[in-house]
Protein chains: 2
Amino acid sequence: MTAELSDMPEFSPRQNAVLEQALKLLVDGGEKALTTSGLARAANCSKESLYKWFGDRDGLLAAMIAYQASKVRTFERSGGRLTADLLREHLETFGRDLLEVLSGEVSLALNRLAIGQASREGSKLGRLLIEHGRRQIDRRAIGLMEAGRRAGLLRFPDADSAYHTLYGLIVSDLHVRMLLGENGLKDNARQAERAVHAFLSLHGASQNTEGAGRAHSDA
Amino acid sequence: MTAELSDMPEFSPRQNAVLEQALKLLVDGGEKALTTSGLARAANCSKESLYKWFGDRDGLLAAMIAYQASKVRTFERSGGRLTADLLREHLETFGRDLLEVLSGEVSLALNRLAIGQASREGSKLGRLLIEHGRRQIDRRAIGLMEAGRRAGLLRFPDADSAYHTLYGLIVSDLHVRMLLGENGLKDNARQAERAVHAFLSLHGASQNTEGAGRAHSDA
DNA sequence: TCCTCGTAGTACCGTACGGTACGGTTCCGT
DNA sequence: ACGGAACCGTACCGTACGGTACTACGAGGA
């Protein structure tokens with residue numbers, strides 16, 4: 001685990017403060033507002049220091065992604081025994097957290113930034129964002145999947161595929177819509193409940209809770 | 001129906017050719033490659049004509065979206081009687097078409113463009129893209145939903161919600177990943193089959209095909 | 001005290017873009 | 001044949017950005 005963390009270069013406190021300002025500028029005004037001059041002015045540093053620390057503008061953007069990823073820490077599943085209700089609760093918590101993260105302003109701004117850069121061939125920002133930003137939450141979900149299967153609560157042939165099913169049920173096209181500027185949901189928890197209900201109808205081991213065709217009966 | 005089409009300004013053949021070139025430039029080199037000078041050079045027109053026709057650069061981008069939307073035409077469901085197999089086939093065809101559209105280069109480029117502009121407050125591109133690009137395919141899917149319900153083949157309390165469920169099952173996080181630069185699926189048809197299978201397990205009226213908890217058994 | 005290192009602040013350069021202006025040309029109606 | 005509208009090609013302007021160079025200044029060490 002420490003080996004994984006060592007491959008991302010850590011920055012000095014001063015540099016972290018500068019990166020924090022950079023994220024703030026990006027969130028407030030979009031990519032166009034994030035200029036080297038503007039960042040130097042806002043962070044009370046010199047452009048020369050920026051180029052010394054981060055190489056060039058792309059290096060700065062990559063550093064911002066790495067820095068933001070280093071801030072997001074997700075909790076591992078507690079090691080206790082897993083019941084059906086506990087699994088459902090963990091899944092719903094995961095769904096709420098996922099929606100919360102995806103609708104966060106910093107996340108949206110960084111995704112917009114990476115997507116805007118994605119057309120360029122040599123851009124590694126998209127890859128970086130997927131690797132750093134998603135790996136944590138993906139591992140947490142897949143861990144949950146396999147724990148559920150080991151406990152006899154879930155049935156699926158492929159944990160990865162099952163996770164993508166859960167992801168789609170939770171997020172649907174919401175992420176893209178928010179990236180395009182639409183507002184998020186009013187109630188993330190409700191969406192998470194619906195998604196987990198459907199997911200358990202598909203992959204839950206016990207169908208005795210409700211009929212499979214009666215999903216969303218509470219709507 | 002004609003009233004809906006009349007609100008989008010149609011362009012002359014010459015202007016359509018220019019917009020086609022603009023899309024080509026955008027797909028090839030991203031937003032940065034789409035400059036007024038470059039477009040004028042590539043399309044053998046003058047910058048003055050561009051500004052006369054489209055007002056300013058944002059008008060050009062909006063015109064590109066409208067033009068592309070005018071090219072995409074989706075088929076309505078044929079009026080014949082709906083059986084379970086026919087519904088499944090229509091749903092799978094919809095899924096394949098949806099994946100095909102979303103993974104298209106022009107679609108990805110326009111989405112990247114609109115997302116890049118989405119941070120600016122006054123940008124209507126995201127709204128435009130959702131309205132023009134999605135309305136057609138959304139209507140087709142929701143029509144399919146309600147036809148299925150009328151035929152007693154589907155059960156759901158809310159067609160819109162059911163459609164979003166189907167959408168999530170089909171697309172999952174694929175759209176965002178492709179926007180970030182990842183490659184699409186190898187087999188869209190297989191993904192559509194899986195998604196429709198799961199969707200019918202959730203909302204299909206006849207659960208006798210297979211047990212609800214045994215989805216994806218063929219994987 | 002003096003030297004060195006790191007950094008802030010600023011001035012500067014080359015480039016590229018959006019947008020405008022203008023001369024020359026083609027095409028159409030009369 | 002004439003006149004005007006539309007349009008192409010190009011030159012031009014103001015601006016703003018990425019990146020570099022240079023000076024000033026404060027901290028720490030010999």
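Below, read A as the first sequence line, B as the second, and so on, with proteins coming before strands; counting in each chain starts at 1. Below, all heavy atoms of this structure are taken into account, side chains as well, without hydrogens, waters or symmetry copies.
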Quiz item: Is a side-chain donor or acceptor of Gln191(A) paired with a backbone partner of Ile170(A) at a separation under 3.5 angstrom?
Solution: yes

Quiz item: Between Trp53(B) and dC7(D), is there a side-chain N or O to OP1/OP2 distance below 4.0 Å?
Solution: yes

Quiz item: Could you give the distance from CZ (Phe199(B)) to CG (Leu169(A)), rounded to the nearest 0.5 Å?
Solution: 11.0 Å

Quiz item: Taking five pairs at each end, how big is the angle between the two axes of the helix from dT1(C)-dA30(D) to dT30(C)-dA1(D), to 10°?
Solution: 0°

Self-check item: Residue Lys47(B), side-chain atoms from C-beta onward, closest of dT20(C), dT20(D), dC7(D)
Solution: dT20(C)

Practice problem: Check the distance between dC17(C)'s P and Arg57(B)'s CZ and give it to me in whole angstrom. | Solution: 10 Å

Quiz prompt | Side-chain N or O of Arg14(B) closer than 4.0 Å to phosphate OP1/OP2 of dC8(D) | solution = yes

Quiz item: Got a donor-acceptor contact below 3.5 angstrom from the Ser103(A) side chain to the Gly184(A) backbone?
Solution: no

Quiz item: In whole angstroms, how far is the P atom of dG19(D) from the CG atom of Leu39(A)?
Solution: 13 Å

Self-check item: CD/Glu182(A): more than 12 non-hydrogen atoms of other groups inside 6.0 Å
Solution: yes

Quiz item: Is the phosphate of dC8(D), meaning OP1 or OP2, less than 4.0 Å from a side-chain N or O of Ser49(B)?
Solution: yes

Quiz item: Between Glu131(A) and Lys124(A), is the closest basic N to carboxylate O distance under 4.0 Å?
Solution: no

Quiz item: Is Arg41(A) near enough to dC17(D) that one of its side-chain N or O atoms lies under 4.0 angstrom from OP1 or OP2?
Solution: no

Quiz prompt | Side chains of Arg14(A) and Ser49(A), donor plus acceptor under 3.5 Å | solution = no

Self-check item: DNA chain D contacts among residues 29-36 of chain B, heavy-atom distance under 4.0 Å
Solution: none

Exercise. Write down the distance between OH (Tyr51(B)) and P (dC17(C)), rounded to a whole number of angstrom.
Key: 11 Å

